[in-house]
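To keep things clear, I will list the structure first and then write my remarks on it.
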Amino acid sequence: MTDAGLYEFEYGDCESSGLLHDENGFPSFQDNDDDDDDDEEEEEKEESFADDFYRCGTDWSCLLQTERKLKQANLFDMWGLKSNSESEANCLFSPPMKKLKASNGKSTATHLKKIVDRSCPFYKKIPGTPFTVDAFRYGSIKGCSAYFLTHFHYDHYGGLGKRWSHGPIYCSPLTARLVRMCLLVNPSYIHPLELNTEHVIDGVKVTLLEANHCPGAALIHFRLQDGQCYLHTGDFRASRLMQSYPLLVNHRVNVLYLDTTYCNPKYKFPSKEDVLNYVVRVTKNCLKKQPKTLVVVGAYSIGKESVFLAISKALGVKIYANASRRRVLQSFDWPELSGNLCTQGNDTLLHVLPMSSLKFETLKDYLKPYGNQYAAVLAFRPTGWTYSETVGNQLDLIRPLSRGNITIYGVPYSEHSSFTELREFVQFLRPDKIIPTVNVWNAASREKMQSFFREWLSCKKLMI
DNA sequence: GCGATCAGAT
DNA sequence: CACATCTGATCGC
């Protein structure tokens with residue numbers, strides 16, 4: 001649509017259709033030139049499930065065939081022609097879940113806007129296997145017989161619900177519990193896999209490793225029968241500990257599917273530990289000045305529990321969370337967390353609230369029912385990264401927002417890798433090929449990431 | 001009328 | 001700036 005094929009890459013290209021394998025050992029696209037006209041049935045030819053991936057080689061510009069929402073109907077749709085993705089010359093993706101509807105006589109501009117391409121992007125498919133990762137929003141994916149879920153965040157499990165029936169779901173035991181509990185997915189589809197244990201699925205050796213993201217989050221290591229190793233990081237925060245995972249030490253990773261959320265040097269933030277110490281320090285200071293302070297920690301669904309746990313431990317106070325959040329937290333099987341929850345707001349000065357409540361007005365209202373029990377609110381908003389950081393790692397330069405007796409701190413508690421952590425991880429793994437999974441919809445950003453990867457993996461530069 | 005889905009906000 | 005939703009509107013049955 002917009003920009004196309006403007007990007008050059010060191011290895012391979014899209015046109016290498018005659019070869020059996022590309023430079024990275026991937027089977028290359030079997031050339032069936034003409035737009036197949038036999039595109040009706042699921043069965044048809046044995047086009048492998050990840051052909052779109054092979055076809056792509058290392059030309060990241062192929063990502064341009066996006067799953068983007070179309071703002072307007074294209075001409076095919078407007079003229080009532082079937083938009084069949086398999087017959088589109090450049091399509092790299094599976095067919096959409098539903099055939100796009102031709103506009104009928106009644107259709108208006110608003111109808112036309114609603115047309116959405118729902119095909120699974122290639123980087124969610126694992127080539128040489130019938131697997132996808134975090135791909136639940138595309139309905140039944142042709143050729144996929146096992147759906148992996150890296151962790152329980154909406155942008156990864158989206159599409160899962162009680163009506164799920166497209167195939168088995170593999171994930172960590174904790175994630176499995178949440179999928180059953182919160183999404184009411186039929187348990188017969190859910191297959192928990194113990195971490196650090198090799199499981200053979202469809203002939204592929206699969207091992208889940210701790211991802212240092214939210215509870216239950218896993219890196220997924222695939223070892224194919226031909227020896228190829230793929231590592232999908234899901235969302236993760238790279239750590240030194242990972243450099244001692246035996247699987248990563250002992251097997252070269254051929255393809256790395258990388259969480260590139262903060263793959264830019266402007267993203268600098270402190271270690272989790274430093275942020276926790278800071279939060280505790282601020283809290284103690286505040287309570288010294290005003291003992292009648294309610295301490296609030298903002299949270300989404302799961303993740304960043306350590307922020308309130310650290311305060312709880314340091315002050316020796318319980319943690320209040322509402323019933324639905326408690327149910328989720330209890331399911332973690334994390335004793336020091338479960339053991340410190342309480343069911344009454346009055347019983348502790350430390351409360352966990354939805355991130356959306358961390359606003360002056362909302363907090364003021366929240367305080368009201370407690371009467372004169374509290375004279376002030378100290379709130380922490382643990383975001384991944386705070387823009388105010390020209391200062392980078394300098395926690396002491398953080399300036400809270402303050403209005404009346406309410407103070408709100410944004411703290412850079414990140415569950416994604418910083419730029420330098422990413423670099424160190426990639427230089428440790430030295431994969432043959434890296435497929436970014438975040439920030440991929442923008443051509444400039446894709447190109448920028450690839451140039452970082454090239455720099456990191458060029459032998460000359462190994463400085464930290 | 002209701003759940004699912006979408007655009008937009010936060 | 002971007003995360004991971006959340007909200008309110010609209011769709012489709």
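Just so you know, these numbers use all the heavy atoms, side chains as well, and skip hydrogens, waters and symmetry mates. Since the structure is predicted, the reported quantities are computational estimates derived from the model, not experimental observations.
- Residue A/D235 is in sugar-phosphate contact alone, with no base atom involved, counting any heavy-atom pair closer than 4.0 Å across all strands shown.
- If you measure from atom CZ of A/R137 to atom C1' of B/dA7, you get 13 Å, rounded to the nearest angstrom.
- By the 4.0 Å N-to-carboxylate-O rule, A/E455 lies too far from A/R423 to be salt-bridged with it.
- In this model, the phosphate group of C/dA2 is not approached by any side-chain N or O of A/H416 to a distance below 4.0 Å at OP1 or OP2.
- Rounded to a whole Å, the CG atom of A/L160 is 15 Å from the C1' atom of B/dA4.
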Please tabulate, one pair per line, each protein N/O and nucleotide N/O from nucleotides 1-3 of chain B that are separated by under 3.5 Å, including the distance.
none

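- Atom C1' of nucleotide B/dT10 and atom CG of A/L401 are separated by 14 Å, given to the nearest angstrom.
- A/Y257 and A/H232 have parallel rings, their planes meeting at less than 30° on a 0 to 90° scale where 60° marks the start of perpendicular.
- Nearest to the side-chain atoms of A/S301 among the listed nucleotides C/dC3, C/dA4, C/dT5 stands C/dT5.
- Among A/F136, A/F131, A/Y147, the one residue that satisfies the side chain to side chain contact (heavy atoms under 4.5 Å, CB included) test with A/I141 is A/Y147.
- In this structure, CZ of A/R381 is placed 12 Å from P of C/dC6, rounded to the nearest angstrom.
- Within the 4.0 angstrom heavy-atom criterion, only backbone atoms of the sugar-phosphate kind lie near A/H213; the bases stay farther away.
- Rounded to whole Å, atom P of C/dA4 lies 12 Å from atom CG of A/D134.
- Aromatic pair A/Y278/A/Y413: centroids not less than 6.0 angstrom apart.
- Residues A/D134 and A/T150 bring a donor and an acceptor atom of their side chains to less than 3.5 Å of each other.
- To the nearest angstrom, C1' of B/dT5 lies 15 Å from OH of A/Y157.
- Rounded to whole Å, atom P of C/dA4 lies 14 Å from atom CZ of A/F152.
- Centroid-to-centroid, the aromatic rings of A/Y300 and A/Y154 stay 6.0 Å apart or farther.
- Following rounding to the nearest Å, A/E361 (CD) and B/dT10 (P) show an atom-to-atom distance of 15 Å.
- If you check C/dT5, C/dC3, C/dC1 against the side chain of A/Y154, the one that comes closest is C/dT5.
- A donor N or O paired with an acceptor N or O is not found under 3.5 Å between the base of C/dC6 and the side-chain atoms of A/Y300.
- Between A/D396 and A/R281, at least one side-chain nitrogen of the basic residue sits less than 4.0 Å from a carboxylate oxygen of the acidic one, meeting the salt-bridge criterion.
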